[in-house]
Amino acid sequence: MIDGTAGVSGHRHADDRLLDDPEALAERDPGGMLRHTASAGAQVRESAALAAEANLSVLADDGRPRAVVIAGIGTAGRTGDVLATVAGPRCPVPVIAHRSAGVPGWVGAADVVIAVSASGRSPEALGAAEAAHRRGARLVVVAPPDSQLQSVAERARAPFVPVPRRAPARASLWGLTVPVLLAARALGLVKVNEADLAETAARLDADADRSRPSAESFVNPAKSLALGLAGSIPIVWGSSPLASVAARRFGDTLSANARYPVVTGALGEAGRGRVGLLDGVFGGLAEGERDIFADPEESAGDSTRLRLVLLRDGGLNAEDDADEPLAVEERRADAVQTLAERRGVRCDVVTAEGGSALERLASLVAVPDFASIYLALAHGLDPMAVPAITEMKELSNQ
């Protein structure tokens, strides 16, 4: 065995038979990542209740801030992206996701810092909370109870929303996101009401049911998406700012759960250069050299090809509320689908549904979250245990 691969297991080629064997899935998912992911709707309800008990309304006492900084790393950092896109382009103050230790140099008493951590001890969130306290900025902390971050919140007499750590950080997106949104609502920055939260939770529950392990691949959208991505290099693009947040989230989970390299981003950015990937050695060139008479089973591993996943969001707001007119976003999405088809690059489309921005985001995140886990399991990988992460921490701590 090559030095450094201790604990690494699995197989390069996906075994699609595993996905229709619930007992085998349970055996290969000892940490319960499927179960944790299915708790997304419950996370929305629980974190909303905990935020209500935290009395976030006190944030309004000092008026509207100059800016809001959401400090965290990984999934916690994604909560800042969610807030920015739900708040939309008409948000009256800048919303900044900050993913490094401390806070930007300009942060002071006129600003609000929201420190977010699923563990309660991430250096980035801890450093930001301490810096915000020293500079006199208003502070909000979202973290597990009895954590280091709670201690900082108590010293700063800052609102603290306790988020019980029942799942790994990457399966806790909604438990971390809802308190951030409700803190922003208390500041008058977003319009998220109880009906929006209830409908989002219901949407997540419904998608979890459709993606359950006992549902066979041909009726399970997450298993179908996972099998389509197997053995490919995924490109995930979002048609709108909201869909682009979902695309980057899918990139996070594909990398962490299934260990797949992935290209993510917004279609607007892709059209400035990255769309050329469809012409490249893993795109049109590979498809053009494929033998159409070859046995698909035998040739499956001969060449790695692109697989495009397009997250489409028709939007809710009037055109003057959007960064770009919705018609432009829709035409761009149609164009990319056509380009992929002409080059033989297969494309999966996930379309947003729902009556609020938050619910629409949930509809673009839920099924891909499950798909990343099913893809890992099809390769015999434990989606929770990532030896490289453990080894990196050990080497860094030396």
Side-chain angles (χ1 to χ4, degrees), residues 9-43 167-168 170-171 173-174 201-234 236 246-247 249-251 253-260 262 295-301 305-312 345-354 359 362-385:
S9 61
H11 37 83
R12 186 180 176 203
H13 299 296
D15 184 351
D16 57 353
R17 296 169 299 176
L18 290 173
L19 298 191
D20 287 330
D21 185 343
E23 292 184 4
L25 289 175
E27 181 182 339
R28 286 164 174 75
D29 184 23
M33 278 293 284
L34 285 170
R35 174 172 48 82
H36 291 313
T37 302
S39 74
Q43 289 179 35
R170 61 197 125 108
L173 174 67
W174 297 100
R203 172 75 57 180
L204 291 166
D205 287 343
D207 282 339
D209 183 64
R210 293 196 301 142
S211 303
R212 66 190 184 279
S214 60
E216 295 184 347
S217 298
F218 66 92
V219 295
N220 187 318
K223 290 181 180 179
S224 298
L225 180 56
L227 292 174
L229 290 171
S232 72
I233 299 175
V236 189
R249 162 68 178 180
F250 195 17
T253 57
L254 281 173
S255 298
N257 294 332
R259 282 64 131 180
Y260 265 53
V262 57
D295 185 332
E297 295 290 335
E298 294 181 0
S299 62
R305 297 181 175 89
L306 298 181
R307 181 80 176 210
L308 177 62
V309 180
L310 190 56
L311 305 184
R312 298 193 63 159
V345 176
R346 291 171 297 172
C347 179
D348 296 286
V349 179
V350 181
T351 303
E353 299 177 355
E359 184 183 357
S363 73
L364 293 174
V365 167
V367 168
D369 272 4
F370 278 99
S372 69
I373 299 171
Y374 284 128
L375 185 56
L377 296 174
H379 282 284
L381 296 166
D382 180 349
M384 182 179 289

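As the structure is a prediction and not an experimental result, all values here were calculated from the model.
- Counting only distance, with no hydrogens or angles, the side chain of Q43 and the backbone of A171 share a donor-acceptor pair below 3.5 Å.
- By the side chain to side chain donor-acceptor pair (under 3.5 Å) test, S232 is found to be paired with no residue, residues two or more places apart in sequence or in another chain being considered.
- Not counting sequence neighbours, the partners of D348 by the salt bridge (charged side-chain N to carboxylate O under 4.0 Å, His left out) test are R307.
- For Y260 (side chain) and G251 (main-chain N/O), no donor-acceptor pair under 3.5 Å exists by modelled atom type.
- Side chains of I373 and L377 form a contact here, defined as non-hydrogen atoms less than 4.5 Å apart.
- Rounding to the nearest 0.5 angstrom, the gap separating the CG atom in L25 from the CE atom in M33 is 14.0 Å.
- Looking at every heavy atom in both residues, A24 comes nearest to L18 through CB-CD2, 4.1 Å.
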Practice item. Report the C-alpha separation of R249 and D369 in whole Å, then their side-chain angles, then the decisive distance to 0.1 Å, and conclude whether the salt bridge (charged side-chain N to carboxylate O under 4.0 Å, His left out) test is met. Key: CA-CA 8 Å; R249 162 68 178 180; D369 272 4; 3.0 Å; yes
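- For D16 (side chain) and A378 (main-chain N/O), no donor-acceptor pair under 3.5 Å exists by modelled atom type.
- A distance-only check finds no donor-acceptor pair linking the side chain of N257 to the backbone of A376 [under 3.5 Å].
- Atom-to-atom distance recorded for H36:NE2 and D29:CG is 8.0 Å, nearest 0.5 angstrom.
- With rounding to the nearest 0.5 Å, the separation of CZ in R210 from CG in N220 is 8.5 Å.
- Taking CD of E216 as the reference point, atom OG of S224 lies at 11.0 Å (rounded to 0.5 Å).
- One finds the CG atom of D207 at 8.5 Å from the CZ atom of F370 (value rounded to the nearest 0.5 Å).
- Applying the salt bridge (Lys or Arg N to Asp or Glu O under 4.0 Å) test to every pair with at least one member in residues 223-232, sequence neighbours left out, gives these pairs: D20-K223.
- Residues P213 and Y374 are in side-chain contact: their nearest non-hydrogen atoms beyond the backbone lie under 4.5 Å apart.
- Between A371 and A226, the shortest heavy-atom contact is O-CB, 3.4 Å.
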One pair to check against side chain to side chain contact (heavy atoms under 4.5 Å, CB included): L227 and L19. What are the steps and the verdict?
CA-CA 9 Å; L227 292 174; L19 298 191; 3.6 Å; yes
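- Smallest separation of non-hydrogen atoms from A42 and D205: N-OD1, 4.3 Å.
- Looking only at side-chain heavy atoms (C-beta outward), V236 and L311 come within less than 4.5 Å of each other.
- Separation of atoms OG (S363) and CD (E359) is listed at 7.0 Å; rounding is to 0.5 Å.
- Looking at heavy atoms from C-beta onward, P368 lies out of side-chain contact with T253 at the 4.5 angstrom threshold.
- Contact check for L254 versus L229: side-chain heavy atoms found under the 4.5 Å cut-off.
- Put simply, the side chain of R170 gets close to the backbone of M384: a donor and an acceptor are under 3.5 Å apart.
- Closest non-hydrogen pair, L204 versus A362, comes out as CD2-CB, 3.8 Å.
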